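One structure is given below, encoded as structure tokens.
Keep in mind it's a predicted model, so treat the numbers as computed, not measured.
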Amino acid sequence: MKVLVVGSGGREHAIVTSIAKSNRVSKIYAAPGNAGISEIATCVDIGVMDFEKLVSFAKEEQIDLVVVAPDDPLVAGAVDAFEAAGIKAFGPRANAAIIEGSKAFSKDLMKKYNIPTAAYENFTDADKAMEYLETASFPIVLKADGLALGKGVLICNTLEEAKAGVKEIMLDKHFGNAGNTMVIEEFMTGREVSVLCFCDGTTIKPMTSAQDHKRAEDGDKGLNTGGMGTFSPSPFYTKEIDDYCMENIYKPTMAAMKAEGREFKGVLFCGLMMTPNGVKVLEYNARFGDPEAQVVLPRMKNDIIDVMEACIDGTLDKVNLEFEDNAAVCVVLASKGYPVSYEKGFEIKGLDTFKDKDDYYVFHAGTKLKDGVVVTNGGRVLGVTAKGKDLFEARANAYSATEWISFDNKYMRHDIGKAIDEQ
Ligand code: AMP
Ligand code: GLY
């Protein structure tokens, strides 16, 4: 069969790599893809939001399955557009992707269906938000309602900071229309874990867990980024916690979306915090995480196409989702200066070293081909993933593999997976 993957980052490279392992697949396309993806798929120069062109390409090429990976097109209805043209597409429709597209929606859903999350209020009026803050306790968390590249969350320690935050989000519109509505919520503490789940609208099956590192610098300092590295599984996410989440978070979320007439099919990413008062939902995403996919998918034993089709067809209950009994660590190689400003266009050397090594992967995020040479083309450039028999070995392997790669202004965190020393 022929598959088209929509997207262009490290996550998409990991998805395409998994799809390429399926013996049911004869041809893979990616729109727009990147330099790494182009080694295993045919990249077509169509943007992820250009639904008209994507749909006509899929029709012309008689694509059997489209996988929509990023949040923007999902929230804007890419899956609906493919389905309207009679093309099978993996991912939630717009009416379900709203679980990521609107934080106010997801908070109200959790409240209505008793799914554990931080206490909150939604605001559409900046004055009312300011008034609410006067009697709030600090720290407090402000969230722009809409999509903001993972950056629309402000943790404020004082009333002054929080008021400045309301101004930034609602009045100055730093995150554009994403800030028309704002959620103010209770500050929680605890370890975070990302659990990506396959969903068919009725059945939900969690994949192995992962932990992201969102801050730019070692010791979780510096600005929030798209993610500087991940490890999987999280040793803190025990079987007992998984059982609790299944009964109190995963199944209730599936049932809630169905009850609302918003059947969720695709990948539901639950961002969880293990607080002293139990596990609570920080956020939902309607897609694979980036760079969570880069550690979760290499450990998946199933044929990803079988699982994706089961999600679309409503037969996920028949699938036995299996992961290898090992670990993986991904270290992101970024451009110095990310996430603020950075230079691009530097030649990347050492990529070939990964070619004949089974348990090592170099996923391209911001790269491009220039005169036949792979050059840096973004803030996050590559994700170096390695597997190992346990997290310690995987981490050592991943860090040694980061040394195979060189480019000017190469930057990475040196403490990805440090938390595992505390288990
Ligand atoms: P989100 O985009 O909602 O996942 O938020 C980004 C990051 O902000 C999370 O990964 C947490 O580290 C932090 N965060 C979000 N909400 C809260 C909260 N209620 N309490 C503490 N930290 C939070
Ligand atoms: N790694 C977090 C995300 O994909 O949103």
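- Considering all non-hydrogen atoms of both residues, V332 and G229 come closest at CG2-N, 3.9 Å.
- Counted within 6.0 Å of CG on D108, heavy atoms from surrounding residues, nucleotides or ligands total more than 12; the atom is thus considered enclosed.
- The neighbour count for K173 NZ, taken as heavy atoms of other residues, nucleotides or ligands under 6.0 Å away, is above 12.
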Between V3 and V66, is the side-chain contact (heavy atoms from CB on, under 4.5 Å) condition met? List the steps.
CA-CA 6 Å; V3 180; V66 181; over 6 Å; no

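- Of the possible polar contacts, one joining the N397 side chain to the K387 backbone as a donor-acceptor pair under 3.5 Å is found.
- For K27, the NZ atom sits in a packed shell: over 12 heavy atoms of surrounding residues, nucleotides or ligands are nearer than 6.0 Å.
- Here the closest non-hydrogen pair linking E393 and G388 is OE2-CA, 3.4 Å.
- Looking at D242, its side chain never comes within 3.5 Å of a backbone N or O of T238 through a donor-acceptor pair.
- Applying the side-chain hydrogen bond (donor to acceptor under 3.5 Å, both in side chains) rule to E100 yields the partners R287; only residues at least two apart in sequence or on another chain are considered.
- R395 meets the salt bridge (Lys or Arg N to Asp or Glu O under 4.0 Å) test with D421; sequence neighbours excluded.
- Between Q62 and M1, every side-chain heavy-atom pair lies at or beyond the 4.5 Å cut-off.
- The distance from atom CG of N114 to atom CG of L109, rounded to the nearest 0.5 Å, is 11.0 Å.
- With hydrogens and angles disregarded, a donor-acceptor distance shorter than 3.5 Å links the side chain of E186 to the backbone of A119.
- T17 has its side chain out of reach of E12: every pair of non-hydrogen atoms, C-beta onward, lies at least 4.5 Å apart.
- Using a 4.5 Å heavy-atom threshold, the side chains of V340 and L223 count as touching.
- A heavy-atom distance below 4.5 Å is found between the side chains of D72 and L147.
- Taking the side chain as every heavy atom from C-beta outward, C197 and M207 never approach each other to under 4.5 Å.
- Between L333 and Y411, every side-chain heavy-atom pair lies at or beyond the 4.5 Å cut-off.
- Checked by atom type and distance alone, the side chain of K410 pairs as donor or acceptor with a backbone atom of I405 at under 3.5 Å.
- For M273, the side chain to side chain contact (heavy atoms under 4.5 Å, CB included) partners at least two apart in sequence or on another chain are M188, E192, T275, L282.
- Looking at N224 and P339, their side chains never come closer than 4.5 Å, going by heavy atoms from C-beta outward.
- A 6.0 Å sphere centred on CD of E422 holds more than 12 heavy atoms belonging to other residues, nucleotides or ligands.
- With sequence neighbours left out, the side chain to side chain contact (heavy atoms under 4.5 Å, CB included) criterion links K239 to D243.
- Ion pairing between K265 and D200 fails under the 4.0 Å rule for side-chain N and carboxylate O.
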Expected list for residues 313-321: side-chain donor-acceptor pairs under 3.5 angstrom, two or more places apart:
none

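- The number of heavy atoms from other shown groups lying within 6.0 Å of NZ (K370) does not exceed 12.
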Name each donor-acceptor pair under 3.5 Å that joins a side chain in residues 80-96 to protein atoms two or more places apart or in another chain, with its distance.
from, atom 1, to, atom 2, distance (Å)
D80, OD1, A94, N, 2.9
E83, OE1, R93, NE, 2.6
E83, OE1, R93, NH2, 3.2
N95, ND2, G261, O, 3.3

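- Listed for the T230 side chain is no donor-acceptor partner under 3.5 Å among the backbone atoms of Q211.
- Checked against the 6.0 Å centroid criterion, the rings of F123 and Y132 qualify as a close aromatic pair.
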Identify all side-chain donor-acceptor contacts of residues 356-366 below 3.5 Å with residues at least two apart in sequence or on another chain.
from, atom 1, to, atom 2, distance (Å)
K357, NZ, T353, O, 2.8
H364, ND1, G36, N, 3.1
H364, ND1, T367, OG1, 3.0

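- Within the model, atoms CE of M182 and CG of D125 stand 10.5 Å from one another, a figure rounded to the nearest 0.5 Å.
- Heavy atoms only, all atoms of each residue included: A398 and V384 are closest at O-CG1, 3.8 Å.
- D45 meets the salt bridge (Lys or Arg N to Asp or Glu O under 4.0 Å) test with no other residue; sequence neighbours excluded.
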Applying side chain to side chain donor-acceptor pair (under 3.5 Å), run through K214 and T225 and close with a yes or a no.
CA-CA 5 Å; K214 289 203 167 101; T225 69; over 6 Å; no

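- Side-chain atoms of S56 come within 3.5 Å of backbone atoms of E52 as a donor-acceptor pair (strictly under, hydrogens ignored).
- With respect to K111 and E121, no salt bridge is recorded, no charged nitrogen being found less than 4.0 Å from a carboxylate O.
- Listed by chain and residue number, nothing satisfies the side-chain hydrogen bond (donor to acceptor under 3.5 Å, both in side chains) test with R215 (two or more places apart in sequence, or in another chain).
- Between E60 and K53 there is no salt bridge, since none of the side-chain N atoms of the basic residue sits less than 4.0 Å from a carboxylate O of the acidic one.
- Between the side chain of Y284 and the backbone N or O of S106, no donor-acceptor pair lies under 3.5 Å.
- For S38, the side chain to side chain contact (heavy atoms under 4.5 Å, CB included) partners are C43, L369, not counting sequence neighbours.
- Taking L154 as the reference, L142, C156, E168, I169 meet the side chain to side chain contact (heavy atoms under 4.5 Å, CB included) condition, with sequence neighbours excluded.
- Judged by distance alone, with hydrogens and angles left aside, the side-chain atoms of S232 form no donor-acceptor pair with the main-chain N or O of V296 at under 3.5 Å.
- K2 is linked by a side-chain hydrogen bond (donor to acceptor under 3.5 Å, both in side chains) to nothing, counting only residues two or more places apart in sequence or in another chain.
- Closest non-hydrogen pair, A148 versus F175, comes out as CB-CD2, 3.8 Å.
- Counting heavy atoms from C-beta on, the side chains of I98 and V75 never come closer than 4.5 Å.
- Annotation: cation-pi geometry not satisfied between R299 and F323 (NZ/CZ under 6.0 angstrom from ring centroid, within 45° of ring axis).
- With Y244 contributing its side chain and I249 its backbone, the two residues share no donor-acceptor pair below 3.5 Å.
- In summary, the side chains of E260 and Y113 do present a donor paired with an acceptor at a separation below 3.5 Å, with no hydrogens or angles considered.
- Taking 4.0 Å as the cut-off between side-chain N and carboxylate O, D415 and K418 do not count as a salt-bridged pair.
- One side chain, S194 or E292, offers a donor N or O that lies under 3.5 Å from an acceptor on the other.
- S8 and N34 share no side-chain donor-acceptor pair at under 3.5 Å.
- Checking side-chain atoms of Y399 against main-chain N and O of I416 turns up a donor-acceptor pair under 3.5 Å.
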